Amino acid sequence: MLLKSLKMFKLYDLATDPVIDGTEELYYRKKDNHIIFDTYFNMIPVRKLKHYTTISELIFSQEVLICTESGELRSGNRITLQEIPDNAECLYIKIKGNELTNITVYAEGEEQKVKIAIVICTYQREDCVKENIDYLLRFIKDTEYEIILVDNASSIPEDNWDNRKVTVLHNVNNGGSGGYSCGMKYAAEKKQFTHILLMDDDVKLDYVSLQRTFGFLTALKKEYTDISIAGSMLYSDMPTKQFESGGYFSSSGEQTGYGYNFDMTDKSDLIENEKDKDINYAGWWFACMPIRYVNEGQFPSPYFIKYDDVEYALRCRMNIITLNGVGVWHESFSRKYNSVQVYFNTRNYLFLMKKHNPGFMAKKEFGRVMYLLFEKLCRQQYKMAQAVIIGYKDYLKGEKYLTQIDYQKKLSELQSLNYHMMPDDELYEKYEVRFDNVLYHENGSAEYKKYMKIFLYGQLMPKFMCRKLTVTDVLADRKEHYFKADKTLHYNIHDKTGYVTKKSLRKTLYMLIELYKLRLNKEKS
C-alpha cells in the first residue's frame with residue numbers, strides 16, 4: 001500500500017499590523033513579558049483542521065510556546081495534530097519579549113490547487129472600491145487570486161488598474177444580485193478558478209482573512225471540497241464587536257445570525273465563535289464558495305438586493321463553515337435602514353418563502369405583510385408603511401416581473417419615501433425639538449401590553465391622553481416606545497441626526513384599507 005505524499009506549504013502569516021486603530025486586541029496581547037496570539041485574527045482552528053483538512057503537522061517560522069485554550073503544551077517550532085488533545089477547539093502561540101516579529105505558519109499535508117475569483121459589485125462608490133482594490137493588490141498573487149469588479153454604474157474605466165489581476169466589467173444597474181451574476185458568469189467562462197469569493201465594495205478587511213481562507217481551502221480533504229466559507233461581519237463603528245458569523249434561515253421564516261454582538265477580544269466568545277454551527281447561508285459581505293454551483297448553471301435570483309444571498313445558499317444546499325479571522329468590517333445595516341430597504345425586504349422575503357417553504361400558504365403570506373405594515377404604523381413611519389405595500393404589490397405580480405422592472409424609476413419612487421435625517425440645528429429650526437438624552441421606555445408588563453393593544457399601540461388613543469413629544473433611538477427602538485406618542489423624534493444617537501413624525505389615524509386606516517384591497521384582488525384572481 002502506497003502512502004500519500006505529504007508536502008509542506010504556507011498556511012498563512014500571523015497578523016500583527018491592525019488595519020483599524022484601536023483593534024490591537026484582535027491581533028495580539030502583551031502580558032508578563034510575552035506577546036500572546038490567542039486572538040481573533042491569530043487563533044488556529046485546530047479542531048476544524050483535524051476534521052476537515054489533510055494537515056498532519058503545523059510548523060512555525062521560529063521557536064514559540066504552543067498552547068490551547070486549556071493551557072500550555074510545550075515550546076518548539078512544530079507540532080503534530082495528534083499531539084493536540086481532542087477536546088481542544090483552538091491552538092495559539094506565545095513568544096517571549098515585547099517586540100513583534102513576523103511569524104509564518106506552515107502546514108504539512110496534501111495540497112490542493114486553489115484559485116479564487118474575488119467578485120466585487122459596486123455602484124457609484126469609486127473611492128471606496130479603489131481603496132479596497134489598491135489594498136488587495138499589495139498582497140495578492142496571480143496564481144492565487146484575481147479580482148473581477150462589476151461596475152453597475154459604468155463609471156470606472158475598464159483600464160483603471162493597469163494590472164492583469166483586475167478585470168472591470170461594465171453592467172446595467174440591476175443591483176447586487178445582477179452584478180454578482182455578471183461577475184460569476186465571467187469567472188466561470190475563464191475556466192481557471194476553483195472558487196468564487198463574493199465581497200461587498202464598502203467593507204474594510206485585513207488581507208489575513210484571504211490568507212486564512214486560501215490556506216484552509218488548499219488543505220481540504222477530498223470529501224469536503226464542496227465547503228463554502230462564510231466570513232463574519234464586524235461593526236465598522238464598534239470594530240471589536242461582531243454582527244454575525246454565519247446564519248440559519250428556518251423553514252418557518254425565522255432568521256438567526258450566529259455570534260450576534262460577540263466581543264471578539266473576549267477569549268470565551270472567540271472559542272464559542274469557532275465551534276461548528278448549523279449554518280445554511282452566508283452573507284455576501286464575504287462569502288467564498290466552490291465555482292461548481294455556477295458551472296452547474298446556478299445564478300442569484302433577480303432580487304436586486306436583500307435575501308439574494310440567503311436564497312442562493314438554500315437553493316444550492318451549501319455546506320458552510322466559519323473561521324475566526326475570516327471576516328470584514330461593515331457599517332451596521334440599521335444605519336442604512338430606509339424605505340428602499342423596507343421595500344426589498346418585504347418583497348424578497350415573500351419570494352424566498354414561497355420558493356423554499358411549501359407550507360407558506362396565502363394566509364401566512366398576508367399575515368407576514370400585515371405584521372410588517374403594523375410595525376411601521378405603530379412607529380408613525382407611514383412612508384415606510386407605503387414601501388411595505390409597494391413591495392407586496394410587486395410580489396403579487398410574480399417573480400418573472402422582477403426582470404421587467406425599470407429600477408431607475410422604481411428606486412426614484414422608493415427614495416421619495418425615505419426620511420431625511422436632519423442634524424440637531426435643522427431639527428430645532430424646523431420642529432423646535434432637540435434631543436435631550438431622554439428615551440422613553442414604557443412599562444412592559446402583560447397588563448400594560450394588553451392596554452396598548454386595545455388602543456392599537458397608540459393609534460386609537462385620543463390626543464389629550466398622548467405625550468406631546470416622544471424621543472426614540474432609531475437604531476434600537478420597539479413599537480412599544482411609541483405608545484402615547486403624538487409627535488416623535490426618531491433619533492440616531494451615533495451621528496446626532498433624526499427626523500420627526502406625527503401620529504395620523506387617517507394614514508393608518510388608509511394603509512390598512514389599501515392592504516385589504518390587495519388581498520381581496522388576489523383572492524378574486
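Nothing here was measured: the structure is a model prediction, and the numbers come from that model.
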Item checked: Lys484 and Thr470: CA distance, side-chain angles, deciding distance, side chain to side chain donor-acceptor pair (under 3.5 Å) verdict -> CA-CA 8 Å; Lys484 291 188 177 181; Thr470 292; over 6 Å; no

Margin query: Measuring only between side-chain heavy atoms, which start at C-beta, is Thr68 closer than 4.5 Å to Leu73?
Written below: yes

Note to self: Donor-acceptor check, side chain of Tyr12 to backbone of Phe216, threshold 3.5 angstrom: yes or no?
What the structure shows: no

Checklist line | Asp308 (side chain) donor-acceptor with Ser301 (main chain) under 3.5 angstrom | finding: no

Note to self: Show, in sequence, the C-alpha distance, side-chain angles and deciding distance for Tyr180 and Asp309, and conclude whether the side chain to side chain donor-acceptor pair (under 3.5 Å) test is met.
What the structure shows: CA-CA 10 Å; Tyr180 284 129; Asp309 47 7; over 6 Å; no

Item checked: Phe304: which of Asn173, Leu402, Val340 passes side-chain contact (heavy atoms from CB on, under 4.5 Å) -> Asn173

Check: Step by step, would you call Gln298 with Tyr312 a side chain to side chain contact (heavy atoms under 4.5 Å, CB included)?
Finding: CA-CA 8 Å; Gln298 300 282 9; Tyr312 190 75; 3.7 Å; yes

Next item on the list: Examine distances only and state if a side-chain atom of Tyr145 and a backbone atom of Leu210 form a donor-acceptor pair shorter than 3.5 Å.
Entry: yes

Item checked: Exam field: side chain Asn324 to backbone Leu270, donor-acceptor pair closer than 3.5 Å -> yes

Notebook entry, point to check: Are Asp394 and Arg347 within salt-bridge range, i.e. N to O under 4.0 Å?
Noted result: no

Pairs under 3.5 angstrom only: tabulate donor-acceptor contacts from the side chains of residues 17-28 to other protein residues two or more places apart or in another chain.
from, atom 1, to, atom 2, distance (Å)
Thr23, OG1, Ile20, O, 2.6
Tyr27, OH, Val19, N, 3.4
Tyr27, OH, Asp206, OD2, 2.7

Item checked: Pair Lys355 + Glu399, salt bridge at N-O below 4.0 Å -> yes

Next item on the list: Decide yes or no on side chain to side chain contact (heavy atoms under 4.5 Å, CB included) for Met184 and Leu198, but give the supporting numbers first.
Entry: CA-CA 9 Å; Met184 293 161 83; Leu198 303 182; 4.1 Å; yes

Notebook entry, point to check: Atom CD1 of Ile147 and atom CG of Leu197: how far apart are they, to the nearest 0.5 Å?
Noted result: 10.0 Å

Checklist line | Partner of Arg379 under side chain to side chain donor-acceptor pair (under 3.5 Å), chosen from Asp477, Thr501, Thr472 | finding: Asp477

Notebook entry, point to check: Quick one: are the ring centres of Tyr135 and Phe139 less than 6.0 Å apart?
Noted result: yes

Item checked: Lys50: partners by side-chain hydrogen bond (donor to acceptor under 3.5 Å, both in side chains), with sequence neighbours left out -> Asp86

Checklist line | Euclidean distance, Asp263 CG relative to Asn273 CG, rounded to 0.5 Å | finding: 11.0 Å

Next item on the list: Give a yes or no answer on whether the side chain of Glu311 reaches the backbone of Leu352 with a donor-acceptor pair at less than 3.5 Å.
Entry: no

Check: Side chains of Ile321 and Ile229: closer than 4.5 Å at any heavy-atom pair?
Finding: yes

Check: Rounded to the nearest 0.5 Å, how far does CD of Glu244 lie from CG of Asn261?
Finding: 12.0 Å

Notebook entry, point to check: Would a distance-only check, ignoring hydrogens and angles, find a side-chain to backbone donor-acceptor pair under 3.5 Å from Gln255 to Gly247?
Noted result: no

Check: Is a side-chain N or O of Arg315 found less than 3.5 angstrom from the main chain of Phe299, in a donor-acceptor match?
Finding: yes

Next item on the list: Examine Lys383 relative to Tyr419 and say whether NZ or CZ is less than 6.0 Å from the centre of the six-membered ring and inside a 45° cone about the ring axis.
Entry: yes

Checklist line | Residue pair Tyr482, Gln381: steps toward the side chain to side chain donor-acceptor pair (under 3.5 Å) verdict | finding: CA-CA 11 Å; Tyr482 296 83; Gln381 294 169 327; 4.7 Å; no

Check: Sub-3.5 Å donor-acceptor pair from the side chain of Asn280 to the main-chain atoms of Phe249, do we have one?
Finding: yes

Notebook entry, point to check: Does Asp266 use its side chain to pair, donor to acceptor, with the backbone of Asp269 at less than 3.5 Å?
Noted result: yes

Item checked: side chain to side chain contact (heavy atoms under 4.5 Å, CB included) between Leu469 and Val433, worked out -> CA-CA 8 Å; Leu469 176 69; Val433 296; 3.8 Å; yes

Notebook entry, point to check: Can Ser236 and Lys204 be counted as having a side-chain donor-acceptor contact under 3.5 angstrom?
Noted result: no

Item checked: OG on Ser339 to CD on Gln415, rounded to 0.5 Å -> 10.5 Å

Margin query: Using a 6.0 Å distance limit plus a 45 degree cone around the ring axis, check whether Lys306 lies over the aromatic ring of Phe333.
Written below: yes

Note to self: Under a 3.5 Å threshold, yes or no: a donor from one side chain and an acceptor from the other, between Asp201 and Thr122?
What the structure shows: yes

Check: How far does OH of Tyr371 sit from OG1 of Thr346, to the nearest 0.5 angstrom?
Finding: 11.5 Å

Note to self: Checking Tyr40 against Gln242: is there a side-chain donor and acceptor pair closer than 3.5 Å?
What the structure shows: no

Check: Does the distance from a Lys or Arg side-chain N to an Asp or Glu carboxylate O, for Glu274 and Lys48, drop under 4.0 Å?
Finding: yes

Notebook entry, point to check: Does NZ or CZ of Arg368 fall inside the cone over Tyr349's six-membered ring, less than 6.0 Å from its centre and within 45° of the axis?
Noted result: yes

Notebook entry, point to check: Between Tyr303 and Phe351, what is the ring plane arrangement, given parallel below 30°, perpendicular above 60°, and tilted in between?
Noted result: parallel

Check: Does Gly325 offer a backbone N or O that forms a donor-acceptor pair with the side chain of Ser209 under 3.5 Å?
Finding: yes

Margin query: Tell me every residue that passes salt bridge (charged side-chain N to carboxylate O under 4.0 Å, His left out) with Glu413, counting only those two or more places apart in sequence or in another chain.
Written below: Lys410

Next item on the list: Kindly compute the distance separating NZ (Lys503) from NZ (Lys487), expressed to the nearest 0.5 Å.
Entry: 13.5 Å

Next item on the list: Please step through side chain to side chain contact (heavy atoms under 4.5 Å, CB included) for the pair Cys128 and Asp202, ending with a clear verdict.
Entry: CA-CA 6 Å; Cys128 213; Asp202 57 344; 3.8 Å; yes

Next item on the list: Begin with the C-alpha distance, continue with both residues' side-chain angles, and end with the deciding distance and a verdict on ring pair (Phe, Tyr, Trp, His ring centres under 6.0 Å) for His330 and Phe286.
Entry: CA-CA 10 Å; His330 193 286; Phe286 188 109; over 10 Å; no

